[in-house]
Amino acid sequence: MPSTARAFGTSAAANPLAPMSIPRREPGPTDVEMEILFCGVCHSDVHTARSEWPGTQYACVPGHEIVGRVTKVGSQVTKLKVGDIGATGCMVDSCRTCSSCQQGLEQFCTTGATFTYNSPDKHLGGHTFGGYSSGIVVDEAFTLRVPQGLDLAATAPLLCAGITTYSPLRHWKVGPGQKVGIVGLGGLGHMGVKFARAFGAHVVLFTTSPAKVADGLRLGAHEVVVSTDAAAMAKHAGTFHFILDCVSAQHDLNAYLALLKLDGTLTLVGVPEQPLAVHAFSVIMPRRNFSGSCIGGIAETQEMLEFCARHGIVSDIELIPIQQINEAWTRMIKQDVRYRFVIDMASLKG
Ligand code: NAP
Ligand code: ZN
């Protein structure tokens with residue numbers, strides 16, 4: 001018997017988010033039911049709800065940075081018990097048998113992972129609804145344990161912004177002796193700065209916002225470059241081992257490819273609405289790599305949470321009641337986020 005959860009969502013691309021009810025399934029033998037305590041606000045929520053990317057299903061309830069308290073577990077669940085603090089990120093299921101799933105890369109499931117919102121719902125039909133809601137039911141294989149000692153509200157953004165930056169920095173083996181660039185100081189970018197610094201690299205932040213320079217240094221960058229300053233950009237030409245591009249909107253990739261050394265890599269995690277132009281000369285001379293990365297698998301997400309607990313890393317957040325979500329989206333789009341909005345889900349009860 002499905003039950004009902006309270007949520008905030010939208011019924012059309014042009015509409016603001018508003019209260020609505022959504023169905024949640026009764027937990028099955030391997031399911032965990034959580035009361036959602038905190039949900040981070042990712043720019044992907046906006047891209048999806050406003051149909052800036054193809055394929056949005058309405059009603060759309062976004063939210064994939066979820067920290068909650070376990071309220072019910074199925075008979076076969078071993079990872080979490082009632083009363084524990086659990087978490088869920090961008091995925092709630094996958095085929096679990098393809099080569100990607102077997103390597104712990106569920107986000108690249110060859111039949112398509114089930115994303116936390118806007119994916120076909122295997123249990124109830126229709127599509128999945130995300131974490132801007134009072135509760136969620138997730139198979140335990142797609143839940144995470146939140147280590148002791150982490151601030152819970154500031155942990156929520158680790159479930160997307162955290163893993164999306166941790167995973168490529170690990171995959172491309174960022175570490176001591178390397179010069180690493182992070183482009184865009186938003187939710188992803190500020191986690192990228194913290195992780196790159198914690199991994200021992202020399203970190204350079206690129207921002208379009210002069211007002212963020214001091215914060216960039218405080219968050220862990222060794223240097224901050226305002227990217228509209230052509231002379232400052234030119235000083236770094238051909239010097240980077242790795243650059244992580246976290247920008248949500250149109251920008252000139254060639255300006256960043258020009259900063260890579262021979263065999264350096266630029267990895268995109270930002271997903272602007274429109275295609276980005278790459279000039280052939282930006283990559284052929286001198287032999288440069290251009291790549292992308294998508295969130296991270298479940299085991300790596302758990303590893304990232306443990307790393308954060310050991311190193312005292314969480315997100316810098318502004319906690320908001322859900323009634324301020326439309327205003328928060330407007331501010332995020334204007335690059336005015338310091339550096340992740342997190343919704344205090346207790347406000348949904350009020
Ligand atoms: P965000 O908090 O809004 O940060 C984006 C940052 O990009 C801004 O703070 C700004 O930084 C910079 N920026 C924005 N507009 C710009 C423009 N017109 N020109 C140059 N720079 C601009 O967004 P987010 O939540 O971090 O997400 C960033 C992107 O990653 C989004 O497209 C999102 O959908 C995507 N994403 C991808 C994955 C993945 O798995 N690959 C996962 C999550 C999110 P400055 O003010 O410092 O310039
Ligand atoms: Zn996200």
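Order of appearance sets the numbers: ligands from 1, and atoms from 1 within every ligand. If you read the sequence from its start, that first residue is 1, and numbering goes on from there.
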* What protein heavy atom sits nearest atom 40 (O) of ligand 1, and how far away is it? -> Ile295 N, 2.8 Å
* Parallel, tilted or perpendicular: ring planes of Trp53 versus His47, cut at 30 and 60 degrees -> parallel
* Do Leu159 and Ile66 have side chains that get closer than 4.5 Å, going by heavy atoms? -> no
* Asked: For atom 32 (O) of ligand 1, what is the nearest protein heavy atom, given as residue, atom name and distance?
  -> His47 NE2, 2.8 Å
* ligand 1 to Tyr339 polar contact by distance, N or O atoms, under 3.5 Å -> no
* Structure fact -> Per-atom filter on ligand 1: closer than 4.0 angstrom to a heavy atom of Thr164 are 38 (C), 39 (C), 40 (O), 41 (N), 42 (C)
* So which heavy atom in the protein is nearest atom 5 (C) of ligand 1, and how far is it from that ligand atom? -> Ser248 OG, 3.6 Å
* **SB check Glu33 Arg24 (cutoff 4.0 Å)** => no
* For Gln107, is the nearest heavy atom under 4.0 Å from an atom of ligand 1? -> no
* Whether Phe240 and His236 hold their rings parallel, tilted or perpendicular, with breakpoints at 30° and 60° -> tilted
* Closest to atom 25 (O) of ligand 1 among Arg338, Met191, Arg340, Met332 (heavy-atom distance) -> Arg340
* Residue and atom name of the nearest protein heavy atom (relative to atom 8 (C) of ligand 1), distance in Å to one decimal -> Gln335 CG, 4.0 Å
* Asked: Of Leu319, Ile36, Leu348, Val41, which is the lone residue that meets side-chain contact (heavy atoms from CB on, under 4.5 Å) with Ile343?
  -> Val41
* **Other residues, nucleotides, ligands: >12 heavy atoms within 6.0 Å of Arg96 CZ** => yes
* Among Arg338, Lys194, Lys212, salt bridge (Lys or Arg N to Asp or Glu O under 4.0 Å) partner for Asp316 -> Lys194
* Asked: Just distances here: any N/O of Gly187 and N/O of ligand 1 closer than 3.5 Å?
  -> yes
* To do: Any side-chain hydrogen bond (donor to acceptor under 3.5 Å, both in side chains) involving residues 289-312? Give me the pairs, sequence neighbours left out, ordered by first then second residue.
  => Tyr166-Glu303, Ser167-Glu300, Thr265-Asn289, Thr267-Ser291, Gln302-Glu306
* Heavy atom of Ala161 under 4.0 Å from ligand 1? -> no
* How close does the nearest protein non-hydrogen atom get to atom 43 (C) of ligand 1, and which residue and atom is it? -> Cys160 SG, 3.3 Å
* Asked: Would you say Trp53 touches ligand 1, if touching means a heavy atom closer than 4.0 Å?
  -> yes
* Structure fact -> Looking only at protein heavy atoms, what sits closest to atom 37 (C) of ligand 1 is Val269 O, 2.8 Å
* **Lys81 NZ: over 12 foreign heavy atoms closer than 6.0 Å** => no
* Asked: Counting both backbone and side chain atoms, is some N or O of Val271 under 3.5 Å from an N or O of ligand 1?
  -> yes
* **Sub-4.0 Å atoms of ligand 1 with respect to non-hydrogen atoms of Leu188** => 24 (P), 25 (O), 26 (O), 27 (O), 30 (O), 36 (N), 43 (C), 44 (C)
* Under 3.5 Å, N or O to N or O, is Ala249 touching ligand 1 that way? -> no
* Salt-bridge present (Glu35, Lys349; N to O < 4.0 Å) -> yes
* Going by chain and residue number, what protein N/O/S atoms come nearer than 2.8 Å to the Zn ion (ligand 2)? -> Cys42 SG, His64 NE2, Cys160 SG
* Asked: Which residue holds the protein heavy atom closest to atom 47 (O) of ligand 1, what is that atom called, and what is the gap in Å?
  -> Thr207 OG1, 2.5 Å
* Asked: Of all the non-hydrogen atoms in the protein, which one sits nearest to atom 19 (N) of ligand 1, and at what distance?
  -> Gln250 O, 3.7 Å
* Structure fact -> Taken to the nearest 0.5 Å, the spacing of Leu158 CG from Thr165 OG1 works out to 8.5 Å
